[in-house]
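What's counted below: heavy atoms across the whole structure, side chains too, no hydrogens, waters or symmetry copies.
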Amino acid sequence: MELWIPITVVAAFLQCTRTALQQKLKALLTTNGANFVRYFYGAPVSILMLVLLVTVGGRSLPDWDWTFVAWSALGGVAQIIATSLLIYAFELRNFAVGTAYSKSETVQLALVSVLILGEPLGAWAWLGILVSLFGVIVLSVKGDTRSLREIALGWTHKAALVGIGAGSLFGVAALSIRQGALHLPSGDFMIRAIFTLAVMNTLQTVIMGAWLLVREPQQIVKVATTWRSSSVVGVLSVLGSACWAMGFALQSTAYIRALGQIELVFTFIASRYMLHERPTVGELIGSVLVVGGVVLVLLGR
């Protein structure tokens, strides 16, 4: 088995668990506050991981330039906005459906490959795009198929648009992380991935910390006072992000994100047993369509 496969599965599991716990923080923090905890508590962990790789692992820090910093900053900002949008999507619908909306990210990456990167897609990939888009529509109307017009217009509902927007920005973040890691001229996949993550998390902490200090200063205090639960989210976040970053350093973004759809399986388990939500039959069907379409996109690449 290729190394990127188990790394991606672990990343999906950690991300699902972190997101579920982050959703619970909404009872204590605002959307931006719940978002900030992943960087505030995650950045020190990513820096510690980098220090251990250098001191214990015997690796050297790779050379870097401002292009690398720019990729890291772009990925960091995109991830911040995407996470806030995803948490907001949870408020509009629920945890399972909000996550499923964001899974359109892989389909959007496929479209970017065609329209911007000039990489052709086969018939199976295009079929996958259509299936996934239909799945998003089914999700947006909560599986109610009584009205074809309602289904046709379902993707314009606010929750769907917010979730799709989150997926778009998660795609930008994924591409930026991969480009940043690949831009580093030296080091194995692990040191390049963790170095990229440490720089990005540090930038995210500074950027979002400054934003909260101006717009929601009370949230910084609450993030500190809720450290018992908030720190767990931060640690899980950085561990998951480390796995994603290592996966991106080993394999193309499309393959990593396609396999990462296994997160949806973990999502429904978390939705049922951690958040006590009951997805409807229609929502389950829509989610299966989204994931099935992603698989077809992968097969068509």
Per-pair distances, 0.1 Å, donor-acceptor, side chain in residues 163-177, under 3.5 Å, sequence neighbours excluded:
from: S168; atom 1: OG; to: Q108; atom 2: OE1; distance (Å): 2.1
from: S168; atom 1: OG; to: Q108; atom 2: NE2; distance (Å): 3.4
from: S168; atom 1: OG; to: I164; atom 2: O; distance (Å): 3.1
from: S176; atom 1: OG; to: V172; atom 2: O; distance (Å): 2.8

Could you list all the ring-ring contact (aromatic ring centres under 6.0 Å, His included) pairs where at least one residue sits in residues 213-254, not counting sequence neighbours? none

Hydrophobic clusters here meaning ILVMFWY residues chained together by side-chain heavy-atom distances under 4.5 Å, can you tell me if V223 and L213 are in one? yes

Got a donor-acceptor contact below 3.5 angstrom from the D188 side chain to the I191 backbone? yes

Flag side-chain contact, heavy atom, 4.5 Å: Y39 against T83: yes

Atom pair CG (L212) and CD1 (I207), whose distance is rounded to the nearest 0.5 Å: 12.0 Å

Taking atom CD of Q218 and atom OG1 of T225, what is their separation to the nearest 0.5 Å? 11.0 Å

Going by atom type alone, with no hydrogens or angles, which donor-acceptor pairs under 3.5 Å involve a side-chain atom of residues 67-82 and a protein atom two or more places apart or on another chain?
from: S72; atom 1: OG; to: F68; atom 2: O; distance (Å): 3.0
from: Q79; atom 1: OE1; to: Q204; atom 2: NE2; distance (Å): 2.9

What's in the same ILVMFWY side-chain cluster as L182, cut-off under 4.5 Å, chained through other members? none

T205 to F36 - nearest heavy-atom pair and separation: O-CE1, 3.7 Å

Counting only heavy atoms not in F189 (residues, nucleotides, ligands), do more than 12 fall under 6.0 Å from its CZ? yes

Set of residues satisfying side chain to side chain contact (heavy atoms under 4.5 Å, CB included) with respect to L130, sequence neighbours excluded: none

Surrounding OH of Y41 (heavy atoms of other residues, nucleotides or ligands, distance under 6.0 Å), is the total greater than 12? yes

Evaluate the side-chain proximity of C243 to T8: yes if any heavy-atom separation is below 4.5 Å, no if none is. no

With sequence neighbours excluded, what pairs up with S237 under the side chain to side chain contact (heavy atoms under 4.5 Å, CB included) test? R18, R38, S241

Under a 4.5 Å cut-off applied to non-hydrogen side-chain atoms, are V54 and S60 in contact? no

Atom pair CE (M190) and CE (M49), whose distance is rounded to the nearest 0.5 Å: 8.5 Å

Shortest non-hydrogen separation from K222 to L28 and the atoms involved: CD-O, 3.9 Å

